[in-house]
Amino acid sequence: MTMLRSLAAAGALLSLSLLAACGSGGTEPAPSATASTVAAAPKIKIGVSVPAADHGWTAGVVWWAKEAMALNPDVEWLFQTAETPDKQIQDIENMMTQGVDGLVVLATESAPLTPIAKQAHENGILIVNVDRGFLEPVADIFLEGDNASFGRKSAEFIVDRLDGKGKVVILEGIPCTVNTARVDAAMEVFNANPGIEIVGRDTGMWNRQKSLDVMQNILVQAPEIDAVWASDDDMALGAEQAIVEAGRQDEMWILGGAGMKDIVKRVMDKDPMYPADITYPPSMIATGIQMAVSVLEDGNREEIMKFMPQHLLIDVELILPENAKRHYFPDSVF
Amino acid sequence: MSDAAAGSVAGSVVTRSPLARSLDLLQQYGVLVAFVGLFAFNAIWQGDAFLKPENLRNLLNQNAAVGIVAVGMTLVIVAGGIDLSVGAVMALAAAVGMLAMNGLAGMVDAEGAGQFVPLLAGFASAIGVGLACGALNGGLVTLGRIPAFIATLAGLIGFRSITLALAEGGEIRADQAITAVQAIGRDGLAIPGVVNAYDKPVVFYWTILLFLVVVVLGQLTLSRTRLGRHLVAVGSNELAARYSGVPVARVKLWSYTIVGFCAALGGIASTVRMNSVSSSQLGLYAELDAIAAVVIGGTSMTGGRGRVWGTLLGVLILVMITNMLSLWQVEVYWQGFVKGVIIVLAVLIQRGRAS
């Protein structure tokens with residue numbers, strides 16, 4: 001009985017507070033409306049939601065996002081990192097509650113983030129989607145790295161450097177569309193060159209420890225290796241450790257990917273283990289942020305959106321000792 | 001541990017000083033005080049952002065799935081048990097439900113009509129899986145005489161593994177023809193006269209309604225039915241309950257079946273919110289959040305005493321903390337630490353009487 005009574009009390013309290021909230025919610029829009037009619041330009045509000053920095057590349061994303069936001073102090077920024085899709089949905093819900101004008105989103109996963117992105121789109125929020133797309137066309141601008149080009153250019157470099165003849169190991173990332181696009185494009189190049197033999201292929205999950213483990217196994221199985229297509233700099237470092245522990249560092253070299261500053265430095269210093277690297281710039285989040293600002297800042301959104309591209313494919317570049325300086329950011333965390 | 005608690009209870013009945021009585025009150029209503037305090041603190045500190053109806057609605061919705069599970073968990077814990085497998089059951093039920101739904105997606109025509117049957121089949125099979133898993137846990141605990149902690153730990157590992165195998169480690173998305181999954185997750189009753197920052201109506205999501213209905217039913221079961229009284233009896237003293245003719249095994253079996261049912265409902269709520277079933281993520285750590293909410297809500301971990309409304313407040317307290325930290329832009333890594341501190345504090349306050 002007492003339980004029921006207290007349940008009722010709790011319910012009453014809840015509904016009271018909800019009522020109070022409705023009251024304040026109802027009157028809330030008025031002052032902001034007058035604020036926008038007053039000449040003083042209202043600050044635009046942009047939410048930035050990205051995955052938490054769980055490996056090098058995402059750490060780079062966070063660093064570049066902060067750089068781009070700092071360059072635009074006139075914008076009111078709401079920045080959140082999320083390690084799960086659920087947290088990211090909550091973050092975006094909170095951003096909408098606070099009335100953001102624009103959202104820059106790098107999705108942790110596509111399917112769970114689609115409904116909330118759709119809701120944001122229906123609310124008229126400008127959505128800039130970076131690198132991982134939604135399942136429905138709800139983003140105003142979508143920019144992503146060109147993963148097929150990543151696979152093709154990296155494989156072509158290996159074929160050229162081996163003069164079309166040699167034994168290659170393939171390290172794959174987490175199974176997903178990004179990995180598939182890269183590996184398929186690379187394999188197309190390798191298969192077109194009969195002199196290239198794939199002597200080992202496994203997944204390093206874009207993770208240093210996992211790559212160390214699988215590379216150890218591959219080293220046991222393959223007596224001769226000329227080059228490792230590691231497709232990621234974290235995986236390259238894991239593979240390198242296995243190679244050095246096996247004492248076979250003079251036998252082969254590695255091509256990683258993504259442009260981690262430590263690797264770029266070693267390319268610059270002509271380290272024989274890393275003759276080159278290939279970019280997949282985490283700075284693309286900054287590109288997206290800057291685009292959102294430029295669309296929203298002067299209230300000419302509709303005019304600007306007439307000529308803004310809706311889908312941008314960012315090409316990747318080979319980093320060689322000659323041009324490494326341009327890709328070397330010693331202050332970046334990545 | 002349960003002996004010590006029983007002893008102190010007996011002691012306080014004999015000597016009912018005003019101090020003991022106020023400590024009693026604190027133990028009884030501490031969670032309410034904490035809830036009101038946290039609510040007021042948020043309302044004052046964050047002002048408009050927190051009190052916006054949209055925000056309050058989001059708060060309820062964000063943990064509706066875990067909240068539903070926590071209601072079932074309350075009943076199990078009151079009966080002196082524990083269920084660590086709920087998160088895995090959520091995932092398995094949701095995965096089977098989604099596969100059943102997608103299997104019948106052919107019934108949907110080009111205009112999207114005919115989604116009702118696949119949807120119903122999906123929900124029904126999810127609930128069926130939940131009931132079956134719960135009954136299995138209950139059977140292991142009662143007939144198999146395996147301690148609940150071990151039996152359901154095996155469930156946590158085993159059910160998750162089946163889910164991962166079903167989805168090959170990835171996520172199961174709703175078939176494109178079945179648009180209703182997404183729609184249910186983002187639909188509900190429009191709250192009259194309330195609009196968001198973009199002048200669109202704010203809706204009270206179906207999942208929140210489901211959560212509140214489960215809370216009311218859970219509380220009624222516990223305080224108004226014979227099963228509820230039996231749960232309390234089994235939890236406070238199993239031997240005494242058996243001697244007084246309570247069908248102990250059947251009562252325990254029911255408690256695990258109910259929590260399995262709640263886990264399935266939670267899995268469904270999570271599915272419609274996430275528009276997909278992630279075999280590795282859905283329900284991950286839900287058992288811990290649910291147990292935390294139950295403990296904060298004032299239910300005794302040793303059984304025999306508990307209340308569902310307290311669990312509701314426990315869920316809301318956890319949600320408010322997360323929301324507060326998120327609005328303060330506290331890095332996500334620190335949120336678990338704050339939650340841990342709150343849980344310890346809650347237990348310490350509620351044990352006030354014993355000290």
Side-chain angles (χ1 to χ4, degrees), chain A residues 1-4 6-11 13-14 17-26 28-29 31-32 45 52 77-87 89-91 93-94 96-101 108-116 118-120 122-125 135-136 175-176, chain B residues 28-29 32 35-36 39 43 47-56 58 61-62 169-171 173-174 176 182-183 185-186 191 193-200 202 215-216 219-220 222-224 270 273-276 278 281 284 307-310 312-313 316 322-323 326-327 329 331-333:
Chain A
M1 226 17 230
T2 44
M3 278 182 189
L4 268 183
S6 16
L7 180 67
L13 238 159
L14 241 180
S17 45
L18 262 173
L19 270 178
C22 293
S24 68
E28 200 275 329
S32 68
K45 233 187 235 188
W77 295 105
L78 302 172
F79 177 68
Q80 284 292 335
T81 61
E83 79 279 14
T84 62
D86 196 41
K87 164 78 166 54
I89 293 173
Q90 290 182 21
D91 291 342
E93 278 175 344
N94 286 341
M96 286 205 284
T97 306
Q98 296 178 61
V100 289
D101 304 290
T108 46
E109 272 174 48
S110 299
L113 269 302
T114 299
I116 187 73
K118 196 172 169 184
Q119 200 177 345
E122 282 160 5
N123 280 327
I125 299 170
L135 300 184
E136 291 175 44
C176 68
Chain B
Q28 194 82 51
Y29 297 107
L32 200 60
F35 171 75
V36 172
F39 194 96
D48 282 351
F50 178 76
L51 287 175
K52 272 180 191 157
E54 198 186 348
N55 186 53
L56 296 175
N58 290 345
N61 195 43
Q62 282 160 9
E171 60 174 17
R173 294 175 181 175
Q176 279 187 329
Q182 203 188 122
R186 293 273 153 207
I191 308 171
V194 180
V195 293
N196 66 10
Y198 312 94
D199 282 330
K200 295 280 192 323
V202 172
V215 167
V216 170
Q219 180 65 50
L220 288 177
L222 194 56
S223 59
R224 282 293 176 91
S270 185
R273 176 173 158 82
M274 307 293 287
N275 187 31
S276 60
S278 163
Q281 290 289 328
L284 193 67
R307 55 224 181 154
V308 172
W309 63 265
L312 168 65
L313 295 182
L316 295 179
T322 312
N323 177 254
S326 167
L327 288 178
Q329 314 215 354
E331 292 234 32
V332 52
Y333 311 109

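Here is how names work: the chains are called A, B, and so on, in the same order as the sequence lines, proteins then strands, and each is numbered from 1.
- For the pair A/Thr97 and B/Asn196, the minimum side-chain heavy-atom distance is 4.5 Å or more.
- Defined by atom type and a distance below 3.5 Å, a donor-acceptor pair is present between the side-chain atoms of B/Gln62 and A/Glu93.
- The candidate with the highest count of non-hydrogen atom pairs below 4.5 Å against chain A, out of B/Leu284, B/Asn58, B/Asn61, is B/Asn58.
- With rounding to the nearest 0.5 angstrom, the CD atom of B/Glu54 is 7.0 Å from the CE atom of A/Met96.
- In this structure the side chain of B/Glu171 reaches within 4.5 angstrom of the side chain of A/Pro112, judged on heavy atoms.
- With respect to B/Met274, the side chain to side chain contact (heavy atoms under 4.5 Å, CB included) criterion is satisfied by exactly one of A/Ile116, A/Asp86, A/Leu113, A/Thr114: A/Asp86.
- Residues forming a side-chain contact (heavy atoms from CB on, under 4.5 Å) with A/Pro115 (at least two apart in sequence, or on another chain): B/Gln182, B/Arg186, B/Asn275.
- One distance of note links CD of B/Gln281 with CD of A/Glu83; it measures 8.5 Å at 0.5 Å rounding.
- Between chain B and the residues A/Asn123, A/Leu135, A/Ile125, the largest count of heavy-atom pairs under 4.5 Å involves A/Asn123.
- The line from CD of A/Glu122 to OH of B/Tyr198 is 13.0 Å long, rounded to the nearest 0.5 Å.
- Proximity to chain B involves both the backbone and the side chain of A/Gln90, based on heavy atoms less than 4.5 angstrom apart.
- In this structure, the side-chain contact (heavy atoms from CB on, under 4.5 Å) partners of A/Asp91, at least two apart in sequence or on a different chain, are A/Gln80, A/Ala82, A/Lys87, B/Ser326.
- The number of heavy-atom neighbours closer than 6.0 Å to CD of B/Gln176, taken from other residues, nucleotides and ligands shown, is 12 or below.
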